[in-house]
Trainee: 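My questions all concern the structure below.
First listed ligand is number 1; within each ligand, the first listed atom is number 1. The model shown is predicted, which means the values in this text are computed figures rather than measured ones.
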Amino acid sequence: MLISVESPRTVRLALLPPLALYVHIPWCVRKCPYCDFNSHEQKGPLEEKRYLEALMRDLEQLLPQVWGRRLSSVFIGGGTPSLFSPESIDALLSGIRARLTLEPGAEVTLEANPGTVEAARFRGFREAGVNRISVGVQSFDDRMLAALGRIHSAAEARAAVDAALQAVGNVNLDLMYGLPGQDISMVVSDLKEALRCGAPHVSAYQLTIEPNTVFFSKPPPLPEHDLCADMQAVVESMLLENGFEHYETSAFARPGRRCRHNLNYWEFGDYLGIGAGAHGKISFPDRVTRHERAKQPAEYLKGGATVENREIPVGELPFEFMLNALRLVEGFPATLFEERTGLSLFILKKELERAESDGLLERDWQRIRPSARGRLFLNELLEQFLPTR
Ligand code: SF4
C-alpha cells in the first residue's frame, strides 16, 4: 500500500499527484444572462499588461509550495481569454515557463469565444505555445444564440471552430441544450453541425438557472424536465454513434483526445490557480490544501491576491475526492483514492456498500464506477459520501 493512515486525523501521501496550472482571465465583451462564472463586462481598454504582472506576482507567491514539481498542463480560461492579444498570451506563457518547467508535450488550452477571434489571432495563440483551443459555441442556431444573449452568430461560430481546427487541430466545442424554445430536432441539428465541423472534443451542458444571474431574476421558459432528459440521451447516443467516447458527465472525445487538464481535476490531481477568483489545490506529504484568489479584477490588480489558503480537513477529503472522480464515466482505479487522499478506502466500506446496493455504484477489485443510474442521479450518489460531523 502506498499510503498509511496513522490515525483518522493524519494522512501520509507517498506520491504527489500531477500538477496543472489554471489561469483565469475575467473579462468578457458582454455578460451572458445565464452566466454565473467570475466574468465581468469589459469597460474601457483591457489592462493586459497590468494583469499579466499581477498574474506573475501571484504565481511567484505559490512557487515555494511546489518547488521541483513540473506542470502537466496549463488551462487559460475565463471569462474570454481570446480577448487578450497573442502577444500577451505569449508573454504569459513565457512568464510561466520562466518560473516552472512544463512537461514535454504538456497540454496548453485557451478558451476562445466566437466574435472575438479571427484566423490570424488563432495562429498567434499557437505560436505562443497554445496547442488546444476550447470554443464557446453553445449553439449553431441564431435563434438560440439570441435567446442566450451571446454576442456571436452561428456563422461566426462555424468560422471560429474552423480557424481553431486549422491552427491547432485539438479543439473542444462547448454546446448547450435545454435552451428556451428548443426541441429535440434543434438539438439534433446542433449535433450534426458539431460533427460536420470535425472538432475531436465536445462538451455538452444542460442550461441551468443559477442564482445571481439575469435568468434567475427573469427566468425564460425552458423545456420540461423529461424533454431535457431526452435531449441528453440524444446528445449521448449521437456522439457515441459517431465515434466519440463519453468519459465524463458532460465531456465527449474521440480516442486520444480527452482533455488532460480536466482529467487531472476529476482524478483529484493538484492545480495552481492564478487570476481573479481562481482557486487551486496543492498536496503535501502530510496534508492537502486549497487556495483562492480575490474575485474582483480591480482588487486582484491591486495585489490583494489571496483570499483563502486552508488545509482541507481530513474528514472532508473523501467527499471532495468522490465529487470529482464519480463524474468519470469509467470511474477510477480503487488504488487512486489512497494515492490522492492519503486515506484507506476501507474507511468508506459502509458508504460504498450502500451506494452499490442502491444500484448507484458498480465495482470490482480494480475499479469503482458510477452505474448508469448513478450517472443519472449523481447528486444522490455523491450524498452518500458527505462528511458526517
Ligand atoms: S462568454 Fe462565457 S464567461 Fe463570458 S459571460 Fe458569457 S458565458 Fe460567461
Trainee: Give me the ring orientation class for H24 and Y22: parallel if the planes are under 30° apart, tilted from 30 to 60°, perpendicular past 60°.
Mentor: tilted

Trainee: For the residue pair D183 and S185, confirm or rule out a side-chain donor-acceptor distance under 3.5 Å.
Mentor: yes

Trainee: What is the closest protein heavy atom to atom 8 (Fe) of ligand 1, and at what distance does it sit?
Mentor: C35 SG, 2.3 Å

Trainee: Regarding C32, does it place an N, O or S atom less than 2.8 Å from atom 8 (Fe) of ligand 1?
Mentor: no

Trainee: Please write down residue, atom name and distance for the protein heavy atom closest to atom 1 (S) of ligand 1.
Mentor: N113 ND2, 3.2 Å

Trainee: Quick one: look at C28 and ligand 1, take heavy-atom pairs under 4.0 Å, and tell me if it's side chain, backbone, both or neither.
Mentor: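 It is the side chain that gets close, since no backbone atom is under 4.0 Å.
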
Trainee: List every atom of ligand 1 that sits less than 4.0 Å from any heavy atom of Y34, numbering the atoms from 1 in the order shown and giving each element.
Mentor: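 Numbered from 1, ligand 1 contributes 7 (S).
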
Trainee: Whether E267 and R258 form a salt bridge (side-chain N of Lys/Arg under 4.0 Å from carboxylate O of Asp/Glu) is what I want to check.
Mentor: no

Trainee: Taking NZ, NE, NH1 and NH2 as the nitrogens, is one of them in E127 or R123 under 4.0 Å from a carboxylate oxygen of the other?
Mentor: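 No.
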
Trainee: Could a heavy atom of G79 be found less than 4.0 Å from some atom of ligand 1?
Mentor: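 Within the 4.0 Å threshold, so yes.
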
Trainee: Under 4.0 Å from ligand 1, counting heavy atoms only, is it the side chain of R150, its backbone, both or neither?
Mentor: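 It is the side chain that touches ligand 1; the backbone stays farther off.
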
Trainee: If you measure from the Lys or Arg side-chain nitrogens to the Asp or Glu carboxylate oxygens, is any gap between E193 and R196 under 4.0 Å?
Mentor: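 Answer for the salt bridge query: yes.
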
Trainee: Nearest 0.5 Å, what's the CG-CG distance between L207 and L179?
Mentor: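 Reported to 0.5 Å precision, the distance equals 6.0 Å.
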
Trainee: Identify, by atom number and element, the atoms of ligand 1 in contact range of R30, meaning under 4.0 Å from any of its heavy atoms.
Mentor: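 Here the atoms of ligand 1 in question are 5 (S).
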
